[in-house]
Structures are given as structure tokens and as C-alpha cells.
Amino acid sequence: MPVNSFKEDETHAQVAKSVTVKRLLSYMLAYKKQIVLVLIIMAYCVFVSLVNPLIMESAIDDYISVHDFKGLCMIMGLALLINLLWVILVKARMLIMAKVTNSVIKTIREEIYMHLQTLDFKFFDSRPTGKILSRVMGDVNSLKDVLSNFVITLLPDFILLICVVVIMLFKNPRLALATMLGLPLLIIGLFTIETLSRKRWQIFRKKSSNLNAFIHEDMSGIRIVKTFTAEDETLETFNELTKEHKDSFIDAVKINDAFGSVIEISEALSLIALFYVGVKSLGDVVTIGTLVAFTSYLYLFWQPITNLGNFYNQLISNIAAAERVFEVMDTKPLIEDADKVGIMPPIVGNVRFENVSFSYEDGVEVLKNVDFNITPGETIALVGPTGAGKTTIVNLISRFYDVQSGKVIIDDKDVKDVSIESLRSQMGIMTQDNFLFTGTIKDNIRYGKLDATDEEIIAAAKTVNAHDFISKLDKGYDTELTERGGGLSIGQKQLIAFARTILSNPKILILDEATSSIDTKTELLVQAGIEAILKGRTSFVIAHRLSTIRKADRIFVIQDGGIAEEGNHESLLAKKGLYYALHTAQLE
């Protein structure tokens, strides 16, 4: 069941780690050349790491022991040269991988963002915005180190580990086995910690998501918080969520940190065993140079294991983030184009409901067997109590939701049989709560038609009587708006949104409480513009103020999931039914 509160932990299907990791790493395939270059650099680095102990062994046994200063200088000069090149190449490797991983992260973030835009309203209705943002930003960012370390840690260190084992076994099997004495303890620790760690990191990701969702909700509703002086209550909730977030992190980190201790203990046991076996064998088959070389090889043996262990720990801690990202990307939109869908031709404006039933939740019908037929150019008003299904009707026309049964037909075409883009691009939808974006007023109006000229934008604003107040602003149409149109009154924001809708020149116009935020004086001005716009196009008007719909061709009174009454203003008043009761109540 989808999460509908910041207080609830999200649930998601469990997926095998190998599947998630394989999918994550597949993004690296687009950068094969860069990866190959990095691997070549890493091969050289591994070579230098393997050769350094041998150079040290030779320096001690072949030059220092016989006081060959010239030979010592030559071999140390060689060591300096190859290690200097190693330093330069390591820097180059870091730069290349930084570019690759950041590009991959950008690709993943773009994919999840693009996919989110294909999802239907039901997905967003059931999830706090903060939890969605948590996946797009925080969870995606968490994948960067995993991607980078796979190339610069996992593969090179694995190869280095194998090479070190082969060299040690070739040089002295007894010392080699002593070096690996701590491995059994390490393996037991690895599997124990992995079992405990993954669930804890999943919990941490959920608590992070809860906290992000609350902060987003609280900041979005900060005016309400301040209006009702609820700062203490929200702070209490914030502290509670922060504590859960902190505790879950500490709980997960404690397990992860235990792995470092297991590695250190295992390495210490191997070092003790190496010196015990090595010192006992000195002068026999083991020279001082060999023992010093094996001490270096012990470090080279355990350092990759430490790196691999840290990588595995990192993988476990971040696999939950990858699972959450891919879960969103795998969410199938409930509203999408069918295969070989057609294109909606220019809309004439005939709209028909054939036995339409719809419910947001199973078993709770909002509309029941609704039938009506709208001729092109008609203006239909929808009235009725809150929750009766008025907005649902226009949402089905726009195909924001799909009917459970029946058909929604526009110009003899089922809305399911035409592409969503070709359908909605010919509709203008104006709601009570219209969103204004950060940018200029001109940009916000142009959103209705991206290629609109300045003259078209001004004409649209004049139509809804927004031009006068816009012109009085310091920068006019170039006035910058903050998020949600901060600095403007609710009525002014509504007028700008109205101009945006009008600019799109819709064939079907939907006004859902479109004038509810405009004062009566401004509404009278806007109504004149609306009447001109409604001429010649099919329109649906939802309004609680019945004074705004008197001139509608037909009025549908929606109640109990159906059309209880139908007619124009005068005929419905004459019936003295539901509409008459609503009208009388508003006059009192």
C-alpha cells in the first residue's frame, strides 16, 4: 500500500542484491573507453605495488648486505621513477572517474525525473512530495561512491590480492599461509555483519525519507504553522523524526564499524603468525630481505581486503538507496498510451460519457453509471456538494484518471485510443490552486504556449484583466516571481494562471473553481473576458458561486455519484429542486 504520510515508513519489494548491483553498474557501459583507460592505469598501479617489495628485498639482500652503494642508488632511482609516475597516474585516474561517476549520476537522476513526469496523479496523491525528492536527490547521490569504487577499488584490489597470493606462494608457501591465517575469522565476520547491516540501512533510508517529507510539508505550510502558532508542535514532531533518523543511523553504523575491527584483528593475527614463522626460519630459507618483503606483502594482502570490505560495507549501506531509486523507475504509470495509439485530430468539441463509473478507492464509487452528451460549443456548469464528483468528471475528460467501466468519448474517439499528449495539448485546464513557477510573469504566462510572442502574452493578460496590475509592477511583465508566486495576492496569481490557460487557445476549456480566489469586483471584469473565450468552444465550469454560471447552456447538479438535475438556470429554478435549494441558500 503506498505511503500517504511522512510518519509512515515506506515499503518496497525485496530484490536480490546481485540484480540491483548489476543494473546499477550497467550505467557504466556508456563510458567503456574511460573505464578501460582507468583499468590500464590501475594495472600499472598494481604492478608498481607488487614490484616495490621485490625492489626492497633486492636492495637489502643484493646491495646493502654487500655495501654496493652505486647499485643501491640505481635501484632506488628506478623505484623513485616508477613511483613518481604512479602518483601522476593516480591523480589522472581520480579525475577520470570523477567525471564518469558524476555523468552516470546525472543520467540516473534525469531518468528518474523523466519517469516521474510520466506517472499518473494516483502516484503523487499517495506520496508526500518530500519522499519523492528524497529519492531523486539523496538516494541518487548515495550511489556515486559505489559506482566510483567499483572501478578503482573492486577490480584492481581483487587483481592485486590474487597477484600477491601467487607471489607469496611462489616465494615461500609457509610464510604465505602464515600471512593468511586471519582469513577464516574475516569470512565469518563478513557474512555475520552483512546479514545484520542491510536491514538497518534500509530502515535508515526510510527514516531519512520521512524527515525530508516532513520538512518539505512544514516549509510549504509555514504560513499555516505561524497563523496557528503551531511552531512548538512542529518542532516536537521534527525532533521526534530527527531522533529516529539519528538512532537508525547509529544503529546501522555500529554494525558497519564492527567490520573494521574484525579486519584489524584478522590482520594482527596474520602479522603475529608471519613473524613467528619468519623469525624461526631466519638463516634457513628466509633472509632478512625476504622477511621485510613479506611484511610489505602482508600489508598488500590485507589492504585490498580492507578496501574490499569497506566497499562491500558501502555497497550494503547504499544498496537500499539503489533499490528505492529503481523502484520508482520501475513503477508503471496507470495512465499511459496504448500500443499503436492514434493521434487526436483537431478537437471539434463533442464530449460524451457512456455509462461511466469511477472510484479512487476500491469499493467507494464516486461516479455511478453517468451518461451525458455535450455538443460542440456548449458551456456546461457542474454544481453540487463537495465530494460529489464534479472535479472527477473533468479529470476523466482530461484522462488524468481512467474509468473503471464505461467510456469517455470526444468527437467519437475513446480518450484511451488517442495519445495523451495530443489530447491534453488541445485542452485548457484552470483550477482553484494554480501553481506559479519561479521566473518572470511573462515566462509563467508563456507556459501555456512556449512559442508565444510578447504581443500574444499581453493580449491574453488583457483578456482576463491582468494587464493593468502587471503594468503597475516595477518591471511589468519581467517582474521576477519567487516560488508559488510569492509577493502577489491570491487573486493576482489566479489572474496570471488564467492568462496562461487562455494563451494555450484550448479547444475544450475546463474551469474548476477558477474565479473563487478573485474578489467580486475583479470577477465581474474577468467574466466579460471569459464569456468571449467560451464562445465557440466546449467548456466545463465548476463553481460554488452560482452567480458565475447563470449564462451556462446547461447546468448539471451532481449528487450521489450521478447527475441529479439538468437544465439551464431558469428551468432548474422553476423545478424548485436541488439547484433551487443551493441557489436559495446562497442568497440567504
Distance, nearest 0.5 Å, that separates CD1 of Ile445 from CG of Leu495: 10.0 Å

Enclosure of Tyr447 OH (heavy-atom neighbours >12, cutoff 6.0 Å): no

For residues 363-370, please give each side-chain donor-acceptor pair under 3.5 Å, one per line with the distance, not counting sequence neighbours.
unit_1	atom_1	unit_2	atom_2	d
Asn369	OD1	Ser357	OG	3.2

side-chain hydrogen bond (donor to acceptor under 3.5 Å, both in side chains) partners of residues 371-385, not counting sequence neighbours, each pair once: Asn350-Asn373, Thr375-Glu378, Glu378-Arg554

Residue pairs, two or more places apart or on separate chains, that pass salt bridge (Lys or Arg N to Asp or Glu O under 4.0 Å) and touch residues 100-118: Lys106-Glu110

Heavy atoms of other groups near Tyr360 OH, more than 12 under 6.0 Å: yes

Asp139 side-chain N/O to Arg324 backbone N/O, donor-acceptor pair under 3.5 Å: no

Distance, nearest 0.5 Å, that separates CG of Leu116 from CE of Met114: 11.0 Å

Nearest-0.5 Å distance, CD1 of residue Ile374 to CD1 of residue Ile409: 13.0 Å

Heavy-atom donor-acceptor pair, His115 side chain to Asp330 backbone, under 3.5 Å: no

Short side-chain to backbone donor-acceptor contact, Lys475 and Glu480, under 3.5 Å: no

Lys576, NZ atom: more than 12 neighbouring heavy atoms under 6.0 Å: no

Close side-chain approach of Asp412 to Arg352, heavy-atom, < 4.5 Å: yes

Close side-chain approach of Ile558 and Val383, heavy atoms under 4.5 Å: no

Residues in side chain to side chain donor-acceptor pair (under 3.5 Å) contact with Tyr580, at least two apart in sequence or another chain: none

Salt bridge (Lys or Arg N to Asp or Glu O under 4.0 Å): pairs with one or both residues in residues 451-470, sequence neighbours excluded: Lys442-Asp454, Arg446-Asp454, Lys449-Glu456

Neighbour count above 12 (heavy atom, 6.0 Å) for Glu336 CD: yes

Plane angle bin for His569 and Tyr579 - parallel if under 30°, tilted between 30 and 60°, otherwise perpendicular: perpendicular

Donor-acceptor contact present, side-chain Ser422 to main-chain Val418, <3.5 Å: no

Side-chain donor/acceptor of Ser539 to backbone N/O of Arg537, under 3.5 Å: yes

Trace of the side-chain hydrogen bond (donor to acceptor under 3.5 Å, both in side chains) decision for Asp337 with Ser419: CA-CA 6 Å; Asp337 291 336; Ser419 73; 4.9 Å; no

Flag, side chain of Gln426 to backbone of Ile347, donor-acceptor distance under 3.5 Å: yes

Sequence neighbours excluded, every pair satisfying ring-ring contact (aromatic ring centres under 6.0 Å, His included) that has a member inside residues 456-476: His467-Tyr477

Backbone of Arg399 reached by a side-chain donor or acceptor of Arg424 within 3.5 Å: yes

Asp411 side-chain N/O to Lys413 backbone N/O, donor-acceptor pair under 3.5 Å: no

Steps toward side-chain hydrogen bond (donor to acceptor under 3.5 Å, both in side chains) verdict (Asn568, Ser571): CA-CA 5 Å; Asn568 60 27; Ser571 66; 2.9 Å; yes

Whether Ser504 side chain and Thr501 backbone form a donor-acceptor pair below 3.5 Å: yes

Parallel, tilted or perpendicular: ring planes of Phe326 versus Tyr27, cut at 30 and 60 degrees: parallel

